[in-house]
Amino acid sequence: MTFPHIDPVIVQIGPLALRWYGLMYLLGFVAGYLLIVHLARLRGLSLKREDAADLLFYCVLGVILGGRLGYVLFYNPLHFLSHPLEIFAVWEGGMSFHGGLLGVVVAALWGVRKKQLPILLTGDILVAAAAPGLGFGRLGNFINGELWGRVTDVPWGMVFPGAGLLPRHPSQLYQALLEGLVLTLILYGQHRRGSRPGVPFFTFFTLYGAFRFFVEFFREPDAHLGYLWGGATMGQLLSLPMIALGVAGIFWCSRRGSKA
């Protein structure tokens, strides 16, 4: 299959341009806000709309700062050590999900304490609200023709511009499906069933880590990193602690609930 060439710019007026990638982020933030408000009402969490907007704003800052610092530290520390000013050149690309996740956790904890909200239940709602944004973000990667997969002979393999003449896995779509749609449905289902506080939060860690670890078998590793210990990619190595933390957290929440 030939990659469907989509102009990354939707509309441009003078120096101002609306890009598909930016639109995907915007859709993710809007979906996140609506889910926070809806799930707070569903779970009986006393949360005003302005408080939901504040929490979302804190999380956005956490994503940007944590994602950029995570990319610098996890993926290319030597380059940025030699070119420190490029750390701030976010517009040139380079964001790490795992760094962004750490940034969101720190920012959300600060916001939750400031608003005096229950930590576990609020965390459950925030991770469910974040999942659609992950899917939209991967769609943005696909439209940009970046972060493509490994060479393949499957019928749906695509020839990406800038990736050579051989067809590759559209791994961005795999991630959009698993990390976006499937993860959102599972977490929302847990909220509908009234899961114990903390279970959806740690389920997010477990499933995202598992989905990312699986898709990395089809995704082309970063050129400057390649394959690391035992043929694993950096994405897989960073996903293993997430899975371990998630499983341990679900077990802890279950034991805590049964004792209560």
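Sequential numbering from 1 along the given sequence is applied to the chain's residues.
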Would you mind listing the cluster partners of [X]? Hydrophobic ones only (ILVMFWY), side-chain contacts under 4.5 Å, chaining allowed.
{"X": "Leu166", "value": "Val151"}
{"X": "Leu16", "value": "none"}
{"X": "Phe251", "value": "none"}

Can you tell me if His38 and Tyr188 form a side-chain donor-acceptor pair at under 3.5 Å?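 There is such a pair between these side chains.
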Using the ring-ring contact (aromatic ring centres under 6.0 Å, His included) criterion, which residues pair with [X]? Sequence neighbours excluded.
{"X": "Tyr21", "value": "Tyr25"}
{"X": "Phe201", "value": "Phe205"}
{"X": "Trp20", "value": "none"}

Pairs where [range] contributes a residue and the test salt bridge (charged side-chain N to carboxylate O under 4.0 Å, His left out) is met, not counting sequence neighbours:
{"range": "residues 156-184", "result": "Arg138-Glu179, Arg168-Glu220"}
{"range": "residues 25-50", "result": "none"}
{"range": "residues 142-167", "result": "none"}
{"range": "residues 15-29", "result": "none"}

For Pro155, enumerate each residue passing the side-chain contact (heavy atoms from CB on, under 4.5 Å) test, keeping only those at least two apart in sequence or located in another chain. none
Please list, chain by chain and in numerical order, all residues satisfying side-chain contact (heavy atoms from CB on, under 4.5 Å) with Ile119, sequence neighbours excluded. Leu109, Val112
Quick check against the 3.5 Å criterion: does Glu216 have a side-chain atom that pairs as donor or acceptor with the backbone of Gln236? no
Would you confirm whether Ser195, through its side chain, and Pro200, through its main-chain N or O, come within 3.5 Å as a donor-acceptor pair?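 No: the side chain of Ser195 does not pair with the backbone of Pro200.
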